[in-house]
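Predicted, not measured: the structure shown is a model, and the values here were computed from it. For the single chain, residues carry numbers from 1 onward in sequence order.
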Amino acid sequence: MAMDFDSNWRDRYKEMVSTAKRALKQVHSGNRVFIGTGCGEPTELVKALTARSAELTDVEIVQLFTKGDALYAQKSHASSFTVNSFFIGQNVSDMNQEGLGSYTPILLSNIPHLFDSGQLPLDIVLIQVTPPNINGKVSLGISV
């Protein structure tokens with residue numbers, strides 16, 4: 001399937017550029033937020049989200065595997081964020097052991113279907129991509 005090239009992609013891209021703080025204003029209480037995986041975790045977006053913890057309640061963080069500190073997975077943020085993990089790493093295990101997070105056992109290959117089917121709908125997705133190339137295409141890099 002051929003995709004049409006958007007010759008105005010640079011103008012559309014400029015309209016989408018935002019600060020992390022302003023972008024994360026799109027997250028509201030009760031939202032389900034997926035955070036990009038492993039080395040592709042968008043750490044600046046995660047910091048901006050966590051900085052809003054006092055403004056938010058009942059935000060479900062869905063993650064596969066994060067390598068960072070998982071700032072949102074701390075007792076001090078338990079009323080703001082709950083973590084639903086597909087893999088229990090060291091950075092979220094304490095919260096799960098204390099009943100402040102959850103684990104969804106699933107085969108890695110079934111995760112796309114979980115989202116595509118609507119079984120686990122997402123409100124916000126935080127991912128990290130490269131800057132656009134000359135054609136406006138981006139890459140997920142190593143997080144793919």
Check: Asn84/Thr104 side-chain N/O donor and acceptor closer than 3.5 Å: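 Side-chain D/A pair, Asn84 to Thr104: present.
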Under 3.5 Å side-chain donor-acceptor pair for Ser85 and Gln63: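 Yes - a donor-acceptor pair under 3.5 Å links their side chains.
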4.5 Å side-chain heavy-atom contact, Asn31 and Glu60: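 The answer is no, as the side chains (C-beta and beyond) never meet within the 4.5 Å cut-off.
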Exercise: identify the closest heavy-atom pair between Leu114 and Phe86: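 It is CD2-CZ, 3.7 Å.
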Closest contact, heavy atoms only, Ala73 versus Asn91: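 Taking Ala73 first and Asn91 second, the nearest heavy atoms are CB-O, 3.9 Å.
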Any donor-acceptor N/O pair, Ser80 side chain to Leu56 backbone, under 3.5 Å: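 Yes: the side chain of Ser80 pairs with the backbone of Leu56.
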Phe65 and Phe87 aromatic ring geometry - parallel, tilted or perpendicular at 30°/60° bounds: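 Answer is perpendicular, since the angle exceeds 60°.
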Counterpart residues, salt bridge (Lys or Arg N to Asp or Glu O under 4.0 Å), relative to Glu55 (two or more places apart):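 Listed in chain order: Lys25, Arg52.
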Going by side chain to side chain donor-acceptor pair (under 3.5 Å), name the residues that satisfy it together with [X], two or more places apart in sequence or in a different chain.
X      : value
Glu41  : none
Ser93  : none
Ser53  : His77
Ser102 : none

Linked, directly or transitively: Tyr72 and Val62 (ILVMFWY side chains, under 4.5 Å):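 In one cluster with Tyr72: Val62, no.
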Basic-acidic side-chain contact under 4.0 Å: Arg12, Glu15: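 No.
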Greater than 12 external heavy atoms within 6.0 Å of Asp69's CG: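 Open: at most 12 neighbouring heavy atoms sit under 6.0 Å from CG of Asp69.
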Any pair counted as salt bridge (charged side-chain N to carboxylate O under 4.0 Å, His left out), so long as it reaches residues 70-86, sequence neighbours left out: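 Qualifying pairs, neighbours excluded: Lys75-Glu98.
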